[in-house]
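What you are looking at is a predicted structure, and each value in this text was computed from that prediction instead of being measured.
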Amino acid sequence: MKIIKDRTYIKEYKKKIVYKHLNKEIERINNIEDLILDSPNLKSLILNPLSSIFGIEQKKGDLKEIYTAKINKKIRLYMKPVGEYPYNIIEITDIEFLKIDDKHYGDG
C-alpha cells in the first residue's frame, strides 16, 4: 500500500509528537507505517493480527469512512482510504493520513 500524508497531518505530527519529544509515539507511528506499507491492500491490513495490536479499526456512525489507529491511550491517528465510500477493501491500495487527534480519549 501507499501512504499519502495530508498537510494537516504533517503539521499536527510535528506539533503534537515531534516537538514534545514523544519518542515512543514516533516509534509506534513508524511501526504503523511499516505495517501499512507491507500490506498489499486494505483487506490484508485489516486481517493482519498486528492491526489489532495497533488498534486499527473503522469508526462508526457519521465517521464510518475513517479508520483510526491507537498511538497511545490519548492520541489517535485518523486514516482514510483513497476512493469512494462504500469501499471495496480488496482494491484499496492507497491510504491517506488525515490528522492526529488527542482531545477525546482521556489522560494519556
Side-chain angles (χ1 to χ4, degrees):
M1 288 182 66
K2 188 171 103 181
I3 298 173
I4 302 167
K5 296 182 181 179
D6 188 63
R7 191 177 306 155
T8 305
Y9 166 77
I10 294 170
K11 180 180 169 187
E12 289 180 351
Y13 177 76
K14 289 178 183 175
K15 181 180 173 187
K16 295 178 180 178
I17 306 292
V18 175
Y19 293 156
K20 292 183 179 180
H21 304 289
L22 301 176
N23 294 327
K24 288 182 186 176
E25 286 75 5
I26 291 171
E27 183 178 337
R28 187 151 175 115
I29 289 172
N30 290 335
N31 290 337
I32 291 170
E33 287 180 8
D34 290 341
L35 175 64
I36 291 170
L37 293 173
D38 290 342
S39 301
N41 57 32
L42 186 59
K43 182 178 182 178
S44 64
L45 173 67
I46 293 169
L47 295 177
N48 191 325
L50 291 175
S51 290
S52 63
I53 293 172
F54 293 120
I56 297 175
E57 58 188 23
Q58 186 174 10
K59 297 285 283 180
K60 294 173 177 52
D62 294 341
L63 297 175
K64 61 187 172 205
E65 57 199 44
I66 304 291
Y67 286 80
T68 61
K70 293 179 185 178
I71 305 302
N72 66 17
K73 290 182 181 178
K74 186 176 179 183
I75 301 173
R76 287 202 174 247
L77 168 65
Y78 279 55
M79 305 174 287
K80 181 179 183 225
V82 176
E84 295 293 321
Y85 187 82
Y87 303 121
N88 180 351
I89 60 175
I90 296 172
E91 294 179 2
I92 298 286
T93 57
D94 296 346
I95 194 158
E96 181 178 14
F97 284 7
L98 295 177
K99 68 177 188 170
I100 294 176
D101 184 20
D102 64 348
K103 301 202 182 305
H104 303 290
Y105 299 101
D107 297 328

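There is a path of hydrophobic side-chain contacts, each under 4.5 Å, that joins Leu63 to Leu98. Clustering ILVMFWY residues whenever any of their side-chain heavy atoms sit less than 4.5 angstrom apart, transitively, puts Tyr85 in the very cluster that holds Ile92. Following chains of ILVMFWY side-chain contacts shorter than 4.5 Å, one can reach Ile10 starting from Ile3, so the two form part of one hydrophobic cluster. At a threshold of 4.5 Å between side-chain heavy atoms, the hydrophobic network of Ile, Leu, Val, Met, Phe, Trp and Tyr places Leu37 and Ile46 in one connected group. If you chain together hydrophobic residues whose side chains sit under 4.5 Å apart, Ile32 and Leu50 fall into the same group.
Two residues are said to be in side-chain contact when any heavy atoms from C-beta on lie closer than 4.5 Å; Lys80 and Asp6 fail this criterion. Residues Ile75 and Ile17 have side chains in contact (heavy-atom distance under 4.5 Å, counting atoms from C-beta outward). Two residues are said to be in side-chain contact when any heavy atoms from C-beta on lie closer than 4.5 Å; Lys2 and Val82 fail this criterion. Using a 4.5 Å cut-off on side-chain heavy atoms (C-beta onward), Ile26 and Asn23 make contact. Counting only heavy atoms from C-beta outward, the side chains of Leu45 and Leu42 approach each other to under 4.5 Å. Lys74 places none of its side-chain heavy atoms less than 4.5 Å from the side chain of Glu25.
Distance check: Ile56 CD1 to Ser39 OG gives 8.0 Å after rounding to the nearest 0.5 Å. Rounded to the nearest 0.5 angstrom, Leu77 CG and Ile29 CD1 are separated by 6.5 Å. For the atom pair CG (Asn72) and NZ (Lys24), the distance works out to 10.0 Å, reported to the nearest 0.5 Å. Atom NZ of Lys20 and atom NZ of Lys15 lie 8.0 Å apart (nearest 0.5 Å). Note that CD1 of Ile89 and CG of Leu47 are 6.5 Å apart. Values are rounded to the nearest 0.5 Å. Note: Tyr78 OH to Lys99 NZ = 5.5 Å, rounded to the nearest 0.5 Å.
Between Ser52 and Pro49, the shortest heavy-atom distance links the atoms OG-O, 2.8 Å. Closest approach of Ile100 to Tyr13, counting heavy atoms only: CD1-CA, 3.6 Å. Here the shortest heavy-atom pairing between Lys70 and Arg28 reads O-NE, 2.9 Å.
A 6.0 Å sphere centred on CG of Asp62 holds no more than 12 heavy atoms belonging to other residues, nucleotides or ligands. More than 12 heavy atoms of other residues, nucleotides or ligands shown are found within 6.0 angstrom of NZ on Lys16.
Relative ring orientation between Tyr9 and Phe97 is described as perpendicular, the plane-to-plane angle rising above 60° on a 0-90° scale split at 30° and 60°.
Residues meeting the salt bridge (charged side-chain N to carboxylate O under 4.0 Å, His left out) test with Glu57, sequence neighbours left out: Arg76.
When atom types are taken as modelled, the side chain of Asp94 and the backbone of Glu96 share no donor-acceptor pair closer than 3.5 angstrom.
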